[in-house]
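As a basis for the values below, the full set of heavy atoms in this structure was taken, side chains included, without hydrogen atoms, waters or symmetry mates. Computed from a predicted model, the values in this text were never measured in an experiment. By convention in this document, chain letters (A, B, ...) are assigned in the order of the sequence lines, proteins followed by strands, and residues within each chain are numbered from 1.
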There are 2 protein chains.
Amino acid sequence: MSLALQGVQMSDDIGSRLKLVRQIFGLTQRELARRAGVTNGAISLIEQNRVSPSISSLKKILDGIPLSLADFFTLNFSPSDEVFFTAEELTEIAHLPEISMRLVGRRAKGRALGMLREVYQPGADTGDTMLRHEGEECGIVVSGSLTVTVGVQERVLNPGEAYYFRSDIPHRFRNQGAEPCVLISANSPPTF
Amino acid sequence: MSLALQGVQMSDDIGSRLKLVRQIFGLTQRELARRAGVTNGAISLIEQNRVSPSISSLKKILDGIPLSLADFFTLNFSPSDEVFFTAEELTEIAHLPEISMRLVGRRAKGRALGMLREVYQPGADTGDTMLRHEGEECGIVVSGSLTVTVGVQERVLNPGEAYYFRSDIPHRFRNQGAEPCVLISANSPPTF
DNA sequence: GAATATCGTTGAATATCCTAAACGCGTGGA
DNA sequence: TCCACGCGTTTAGGATATTCAACGATATTC
């Protein structure tokens, strides 16, 4: 599915990116140039990576599509085809004895979203040093209880209770209860 | 919390954006310039919106932080303060008799992620006409069973099973079982 | 309180981008 | 066939961005 365009890197190669987007929307260089109020020559040079456009002119061009700068840089050209997964098909990503983290789908670049089913055995503790990364994350406790620390805030969450925070705030998960805790969490952009 | 910087638009005002990001990471113009291999003057001019940087130089600058172009344009500067939520504090967003959809946190603009706890009563059916929107979504069945249709694919998901698809593909959820089905789902960008 | 250091800003020179107008190429119609 | 049309590309020159070096302002040190 999607367009057969493999070698398009994420951040670099603005030229290919613009060309692909333009073609997806069925526009010629001249047509896009007309809509955007720039010249076709400029678009040609940009698509060949012979120049690196200024933000202002790139924005003008994208406005002609129309597409936001954020969408332009975020766009994902290689979505996965797989839709359904059994419990066993979830990808195990943690290699700790007391914590199981299983990702819905395979590890894939360019997704908007990562969802995990996590199981914390009694006494399990992530520690608070390692967990800092970009993005935001969210979770709901399904069974058991989990002590969640986010920055200076801490709380014991019981089934049905939830959290939402920015991932760059240091955070820590601990199961101080007697039974295993099942947590379903999501993060965006995906960490794994 | 966060920095007191309200009037920062999303796509425009690259200058304020860069300045804010730089300050969040605790860098001076000169220090960032040194890391990025550009001059402090250039950063000064960009932050004042007196020039519109080329993608290449903006990328060089962001590499000095480091931060990707996609993250730079996607970054959200108005996160919510609330972190923890009880089951009752989840925001009810569906107004259907047979389906309950409760959002973690309040409806908020500019989040990366939306997470829902959904309960489908036996016989509940979303229909397949209304559900089309941007983004990607993902879910795990917690209890009961749910018949999920995505495009031409259909499957009955049992507890622990999951789905992941692009939201612009028509999709439908039905509970054809005898007991209520609890589903935890996430979508990005958030629909609510 | 002067000397020093560092911050962000500015002006002139240089490097880079964008426009305007051509070019070469393929296609389809008189 | 030959001309007209539209495509993406190229080149010269004007417009814009970036560098380099200096400047004033604000702390900090002696």
Engineer: Under 4.0 Å from any heavy atom of chain A: name the first and the last nucleotide of DNA chain C that qualifies, 5' to 3'.
Structural biologist: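 Result: dC17(C) to dA22(C).
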Engineer: Need one value for Q48(A): base, sugar-phosphate or nothing, where a base atom within 4.0 Å counts as base even if backbone is also close, heavy atoms only.
Structural biologist: sugar-phosphate
Engineer: Calculate the interatomic distance between I55(B) atom CD1 and dA17(D) atom C1'; express it in whole Å.
Structural biologist: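 For the pair I55(B) CD1 and dA17(D) C1', the rounded distance is 13 Å.
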Engineer: Under 4.0 Å between a side-chain nitrogen and a carboxylate oxygen: does that hold for D13(B) and R17(B)?
Structural biologist: no
Engineer: Against T126(B), only a single residue in E118(B), E98(B), R174(B), R172(B) fulfils side-chain contact (heavy atoms from CB on, under 4.5 Å); can you say which?
Structural biologist: R172(B)
Engineer: Is there any salt bridge (Lys or Arg N to Asp or Glu O under 4.0 Å) pair reaching into residues 42-53 of chain B, and which pairs are they, with sequence neighbours excluded?
Structural biologist: R22(B)-E47(B)
Engineer: Would you call the rings of F73(A) and F73(B) parallel, tilted or perpendicular, taking 30° and 60° as the class edges?
Structural biologist: parallel
Engineer: Quick check on dT10(D): is either OP1 or OP2 less than 4.0 Å from any side-chain nitrogen or oxygen of R50(A)?
Structural biologist: yes
Engineer: Looking at residues at least two apart in the chain, or sitting in another chain, which of them share a side chain to side chain donor-acceptor pair (under 3.5 Å) with E31(A)?
Structural biologist: R34(A), R35(A)
Engineer: Among residues at least two apart in sequence or on other chains, which ones pass side chain to side chain donor-acceptor pair (under 3.5 Å) with N158(A)?
Structural biologist: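 Scan of N158(A) (side chain to side chain donor-acceptor pair (under 3.5 Å), adjacent residues dropped) gives none.
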Engineer: Tell me, please, which residues at least two apart from Q176(B) pass side chain to side chain donor-acceptor pair (under 3.5 Å).
Structural biologist: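 Side chain to side chain donor-acceptor pair (under 3.5 Å) check on Q176(B) returns T147(B).
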Engineer: Please figure out whether S44(B) or S56(B) has its closest DNA chain C nucleotide nearer the 5' end.
Structural biologist: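 Counting from the 5' end, the first nearest nucleotide belongs to S44(B).
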Engineer: From CG of N49(B) over to C1' of dT16(D), roughly how many Å is that when rounded to an integer?
Structural biologist: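 Atom-to-atom, N49(B) to dT16(D), this comes out as 15 Å.
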Engineer: Quick check on side-chain contact (heavy atoms from CB on, under 4.5 Å): which of V142(B), I184(B), I140(B) does R117(A) satisfy it with?
Structural biologist: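 When side-chain contact (heavy atoms from CB on, under 4.5 Å) is applied between R117(A) and each of V142(B), I184(B), I140(B), only I140(B) qualifies.
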Engineer: Just N and O in the side chain of Q29(A): are any of them under 4.0 Å from OP1 or OP2 of dG6(D)?
Structural biologist: no
Engineer: All N/O contacts under 3.5 Å from nucleotides 18-23 of chain D to the protein, with atom names and distances to one decimal?
Structural biologist:
residue, atom, partner, partner atom, Å
dT18(D), OP1, S54(B), N, 3.3
dT18(D), OP1, S57(B), OG, 2.3
dT19(D), OP2, T39(B), N, 3.1
dT19(D), OP2, T39(B), OG1, 2.7

Engineer: Just name whichever nucleotide pairs with dT10(C), Watson-Crick or G-U, keeping both distances under 3.5 Å, else none.
Structural biologist: dA21(D)
